[in-house]
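In the text below, chain A, chain B and the rest are named by the order of the sequence lines, each starting its count at 1.
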Number of protein chains: 2
Amino acid sequence: MSATLSPTPRTQLTRHRERGSADRADLFAVIREALVCHVGIVRDGEPVVLPSIHAVDPDGPDEGGTLYLHGSIAAPWLLQAPGQRVCATFTLLDGVVVARAAFSHSMNYRSAVVYGAARRVDSGTERDHALRLIVDHVVPGRSATLRANTRKELAATAVVAVSLAEASVKARTGGPKDEPEDVAAATWAGVVPLAVRAGRVEPDQEGVVPDDVTRRLRDW
Amino acid sequence: MSATLSPTPRTQLTRHRERGSADRADLFAVIREALVCHVGIVRDGEPVVLPSIHAVDPDGPDEGGTLYLHGSIAAPWLLQAPGQRVCATFTLLDGVVVARAAFSHSMNYRSAVVYGAARRVDSGTERDHALRLIVDHVVPGRSATLRANTRKELAATAVVAVSLAEASVKARTGGPKDEPEDVAAATWAGVVPLAVRAGRVEPDQEGVVPDDVTRRLRDW
């Protein structure tokens with residue numbers, strides 16, 4: 001697998017190309033850190049965008065690695081997706097850029113956009129692998145502590161794969177980029193860093209919080 | 001304006017209808033709290049989803065209120081959007097639901113999905129209003145402290161409006177919903193609440209952090 005992303009007409013950045021990255025490792029890092037993605041499909045000729053949890057397998061069977069999505073077999077977008085083009089977008093907000101002029105206000109972020117045809121995952125082995133990856137995406141190590149899925153649960157779950165071959169990655173970092181004449185003025189400017197943080201765990205029962213959850217809390 | 005959302009074939013929830021809200025106030029609350037939305041368009045018959053900042057005007061000129069989006073006039077998706085259908089989706093992550101079985105793992109969230117035709121905003125008055133709302137969406141009160149946009153800045157900026165008439169709102173709250181036989185087992189379960197939090201402000205210059213930024217920090 002190539003370590004770099006080759007732009008296609010879909011993924012070639014048109015704005016702020018200097019913010020782009022061609023490093024596939026940056027793509028995996030954004031997808032791994034994002035807790036949800038926003039999946040776009042075309043339904044009756046119109047766009048539909050829905051939030052979804054996901055997992056990534058850099059060594060998955062699809063070119064460039066595999067993005068896995070899942071959901072209820074009763075979810076129309078998942079039923080419709082296989083064979084069709086989808087777009088999955090991942091956005092990590094890192095801060096608000098407070099500038100001296102309205103026009104220079106911005107956000108610091110890392111984002112990724114993946115374009116591909118959805119493939120329905122039918123093999124029991126790959127479905128099991130994908131569902132474990134999705135649980136472990138949210139809480140690493142969790143799937144090994146859980147009972148196996150029942151046949152009923154598996155029958156109710158649709159799994160979809162998307163190749164990561166065609167993707168773009170973009171990031172903005174740093175302070176405001178005001179015009180020199182604005183910097184000379186008295187208006188304050190700076191960055192408010194933002195991050196997702198965990199609050200106090202709300203146990204559903206007595207007992208010690210397990211290691212997988214405790215380790216995960218350290219990221220937040 | 002109706003205080004309730006009337007489902008259409010597009011917005012009728014198909015899964016977990018009990019999580020839906022028909023209260024328009026809930027729609028505005030989700031859109032107001034979200035720092036970015038994910039906008040879907042159809043380009044060459046295929047879905048494209050891009051992150052965007054936004055603002056809402058419940059009393060805007062469009063039925064149900066107005067969602068404003070903006071960007072560079074060089075951004076292809078904004079140039080293409082007017083007259084076409086778009087879907088704007090807002091997702092607030094409130095927690096990770098750690099359950100006893102893989103199948104019962106979930107997320108707590110509030111989300112909104114808006115479907116509408118994009119309208120290009122041409123009037124100078126409405127453009128100015130929308131651009132102020134967008135700055136104030138991120139840092140309330142900020143726009144009043146800034147110089148007016150220059151003609152050059154305005155010429156470089158496209159503003160698009162979407163009616164909020166057709167939208168759905170959904171939320172999940174509370175703990176894991178495991179099957180009774182799983183609750184009897186020893187596996188720990190609970191919720192890890194998540195929220196966006198601000199870190200220490202990074203000033204671009206000396207001087208006192210202004211009131212608008214200080215007030216905003218209290219939300220995070």
Side-chain angles (χ1 to χ4, degrees), chain A residues 14-15 35-36 38 40-42 45-51 53 72 74-76 85-87 89 91 93 96 98 101-103 105 107 111 131 135 138-139 143 145-147 149 153 175-176 187-199 201-205 207 209-210 213 217 220, chain B residues 14-15 35-36 38 40-42 45-51 53 72 74-76 85-87 89 91 93 96 98 101-103 105 107 111 131 135 138-139 143 145-147 149 153 175-176 187-199 201-205 207 209-210 213 217 220:
Chain A
T14 50
R15 292 282 304 148
L35 275 173
V36 296
H38 283 79
I41 59 163
V42 178
E46 299 185 5
V48 176
V49 178
L50 295 173
I53 65 173
S72 163
R85 302 285 305 181
V86 301
C87 175
T89 298
T91 306
L93 274 187
V96 169
V98 181
F103 189 78
H105 279 65
M107 308 287 272
S111 68
L131 294 173
V135 167
V138 182
V139 182
S143 69
T145 72
L146 303 173
R147 65 162 172 76
N149 289 308
E153 288 169 343
T187 311
W188 185 90
V191 172
V192 180
L194 294 176
V196 174
R197 297 281 175 234
V201 172
E202 298 164 0
D204 199 50
Q205 61 186 41
V209 177
V213 176
L217 286 168
W220 291 322
Chain B
T14 50
R15 292 280 306 147
L35 276 173
V36 295
H38 284 80
I41 60 164
V42 177
E46 299 186 3
V48 177
V49 179
L50 296 173
I53 65 172
S72 164
R85 302 286 305 180
V86 301
C87 176
T89 298
T91 306
L93 273 187
V96 169
V98 181
F103 189 78
H105 279 65
M107 307 287 271
S111 68
L131 294 173
V135 168
V138 182
V139 182
S143 69
T145 72
L146 303 173
R147 66 163 171 76
N149 289 307
E153 288 169 345
T187 311
W188 184 91
V191 172
V192 180
L194 294 176
V196 174
R197 296 282 176 235
V201 172
E202 298 163 359
D204 198 50
Q205 61 186 43
V209 177
V213 175
L217 285 168
W220 290 323

Between B:E46 (side chain only) and A:C87 (backbone N and O only), is there a donor and an acceptor less than 3.5 Å apart?
no
Is a donor on one side and an acceptor on the other found under 3.5 Å between the side chain of B:T89 and the backbone of A:V49?
yes
Of the backbone (N, CA, C, O) and the side chain (C-beta and beyond), which part of A:W188 lies under 4.5 Å from a heavy atom of chain B, both, or neither?
both
Region of A:V135 that comes under 4.5 Å of a non-hydrogen atom in chain B:
side chain
Evaluate the side-chain proximity of A:V192 to B:V139: yes if any heavy-atom separation is below 4.5 Å, no if none is.
no
Does any heavy atom of chain A fall under 4.5 Å from the side chain of B:R15, the backbone, both, or neither of them?
side chain
Closest non-hydrogen atom pair between A:E153 and B:A101, with its separation:
OE2-CB, 4.4 Å
Heavy-atom proximity to chain B below 4.5 Å, by part of A:V48
both
Please determine, among B:A74, B:A195, B:G199, the option with the most heavy-atom pairs under 4.5 Å with chain A.
B:A195
Contacting region of B:H105 [heavy-atom separation from chain A under 4.5 Å]:
side chain
Assert top hit (heavy-atom pairs under 4.5 Å, partner chain B, pool A:L50, A:V98, A:T145, A:N149) equals A:V98
Pick whichever of A:G45, A:S143, A:A198, A:S111 has the most heavy-atom pairs under 4.5 Å with chain B.
A:A198
Given that the side chain runs from C-beta out, which part of A:V191 has a heavy atom under 4.5 Å from chain B: side chain, backbone, both or neither?
both
Tell me which of these, B:V138, B:L35, B:V86, has more heavy-atom pairs under 4.5 Å with chain A than the rest.
B:L35
Looking at chain B, which one of A:A102, A:G190, A:P47 has the largest number of heavy-atom pairs inside 4.5 Å, strictly under?
A:P47
With the side chain counted from C-beta on, respond yes when B:L93 and A:V196 share a heavy-atom pair under 4.5 Å apart, and no when they do not.
no
Nearest-0.5 Å distance that lies between atom CD1 in A:I53 and atom CE in B:M107:
6.0 Å
If I measure from the heavy atoms of chain B, does A:V213 come under 4.5 Å with its side chain, its backbone, both, or neither?
side chain
Where on B:V201 is there a heavy atom nearer than 4.5 Å to chain A: the side chain, the backbone, both, or neither?
both
Given that the side chain runs from C-beta out, which part of A:L131 has a heavy atom under 4.5 Å from chain B: side chain, backbone, both or neither?
neither
Note: vs chain B, highest number of non-hydrogen pairs under 4.5 angstrom among A:G207, A:G175, A:P203 is A:P203
To the nearest 0.5 Å, what is the distance between CZ on A:R147 and CZ on B:F103?
9.5 Å
